[in-house]
Amino acid sequence: MPPRRLHRDFFDRSVHKVAPDLIGATLLFNGAGGIIVEVEAYHHTDPAAHSYNGRTERNAVMFGPPGYLYVYRSYGIHWCMNFVCEKDSSASAILIRAIEPTHGVRRMQRRRGVDDIRQLCSGPGKVCQALGVTHAHNALPLDEKPFELFAREGKVSVVRGPRIGITKAAEKPWRYGLKGSKFLSKPFRA
DNA sequence: AAACAGATGTACT
DNA sequence: GTACATCTGTTTA
C-alpha cells in the first residue's frame with residue numbers, strides 16, 4: 001500500500017489535533033528530510049505565539065489559509081519553519097522541531113557541516129539548515145513542490161510535555177514527540 | 001552534566 | 001534598548 005499524501009485540508013483543524021497527527025509523518029523538501037519526531041503547537045490565544053499580538057509583516061502567513069509554510073528568523077541566526085493550521089485567519093501554527101533523517105542524508109550532512117545523524121535535525125534551527133529552508137520559502141503551499149508530505153503508516157506512541165526555549169506560557173504541554181525517538185532535540189521527561 | 005557567552009536580525013515593550 | 005519558539009563552543013560561573 002503506497003504512502004498517503006497529506007493535502008492542505010489535513011491542516012484545517014485545531015493545532016492540538018494536527019500536531020500529534022504530524023508525529024511519524026514524512027516531510028521532504030527537495031527530496032531531503034525524514035520522519036517528523038517532534039513538533040510544538042502555537043495557538044493564536046497563546047501568549048507564546050507570534051500571532052498573539054495581532055498581524056505583522058513577519059507573521060502575515062499565519063493569518064492566511066491552512067496548509068502553508070511560515071518561516072521566521074530566530075535569534076538573528078537560524079530559520080525556523082511552521083505549518084499554518086485552522087482556517088478563518090485563526091493564526092495558529094505548528095513548529096517543526098526535529099526530524100529523523102531518512103532521505104538526502106549526505107546533502108543534509110553537507111549543509112549542516114556535521115556527520116552525526118542524530119545531530120542533523122535535532123532542533124528547529126537545525127531542521128531548516130539541513131533541509132535548506134530559508135525565508136525565501138515563506139508562504140509556500142505544503143502540498144506542492146518542493147514539498148512532499150506523507151501521512152504516517154501504522155500506529156505510533158505520541159508523548160507530550162512542556163515546550164522548550166520559550167519564556168511565556170512555558171508550562172503548557174504543547175510539545176509533541178515520538179516516544180523513545182533518538183532524534184529529539186531533548187528527551188521528554190516522565 | 002550543566003552553565004555560560006557569543007553570534008546576530010527583526011519586532012516591538 | 002530589550003527580548004526572542006536557537007545553536008555552538010568553552011568553562012565550571
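Below, chains carry the letters A, B, ... as their sequence lines are ordered, and counting in each starts from 1.
Nucleic acid contact for A:R97: sugar-phosphate only, since backbone atoms but no base atoms lie under 4.0 Å from a heavy atom of the residue. Residue A:R175 is classed as having no contact, given no heavy-atom separation below 4.0 Å to the nucleic acid. At the heavy-atom level, A:N82 lies under 4.0 Å from base atoms of the strands shown.
Of the candidates C:dC7, C:dA5, B:dA11, B:dA11 carries the atom nearest the A:T56 side chain, counting heavy atoms from C-beta on. Nearest nucleotide to the A:E57 side chain, out of C:dA5, B:dA11, C:dT8: B:dA11. Listed nucleotides B:dG9, B:dA11, C:dC4 differ in distance to A:K168; the shortest reach to its side chain belongs to C:dC4. When distances run from any side-chain atom of A:Y70 to the nucleotides C:dT6, B:dA11, C:dA5, the shortest one goes to C:dA5. Considering only side-chain atoms of A:I77, the nucleotide from C:dA5, B:dT8, B:dA11 that sits closest is B:dT8. Side-chain atoms of A:R58 lie closest to B:dA11 of the nucleotides C:dC4, B:dA11, C:dT6.
Counting distance only, with no hydrogens placed and no angle test, the side-chain atoms of A:Y75 and the base atoms of C:dA5 include no donor-acceptor pair under 3.5 Å. In this model, no side-chain donor or acceptor of A:H50 finds a partner on the base of B:dA11 within 3.5 Å.
Comparing A:G76 and A:S185 by the nucleotide of DNA chain C that holds the closest heavy atom to each, the one mapping nearer the 5' end is A:G76.
Aromatic stacking is marked for A:Y42 over C:dA5, as both cut-offs hold: 5.5 Å for the centres and 30° for the planes.
Between A:H50 and A:Y70, the ring-plane angle classifies as perpendicular under the 30° and 60° cut-offs.
Remark: A:R55 is not in phosphate contact with B:dA11, judged by side-chain N or O atoms under 4.0 Å from OP1 or OP2. A:T167 has a side-chain polar atom (N or O) that falls below the 4.0 Å cut-off from OP1 or OP2 of C:dC4.
A:E40 contributes no side-chain N or O that, together with a main-chain N or O of A:Y176, makes up a donor-acceptor pair within less than 3.5 Å.
Taking the centre and axis of the six-membered ring of A:F10, the NZ or CZ atom of A:R8 falls outside the cone set by 45° and 6.0 Å.
Nucleotide B:dC4 has C:dG9 as its partner under the Watson-Crick or G-U criteria, with both atom distances under 3.5 Å.
Aromatic ring centres of A:H137 and A:F29: separated by under 6.0 Å.
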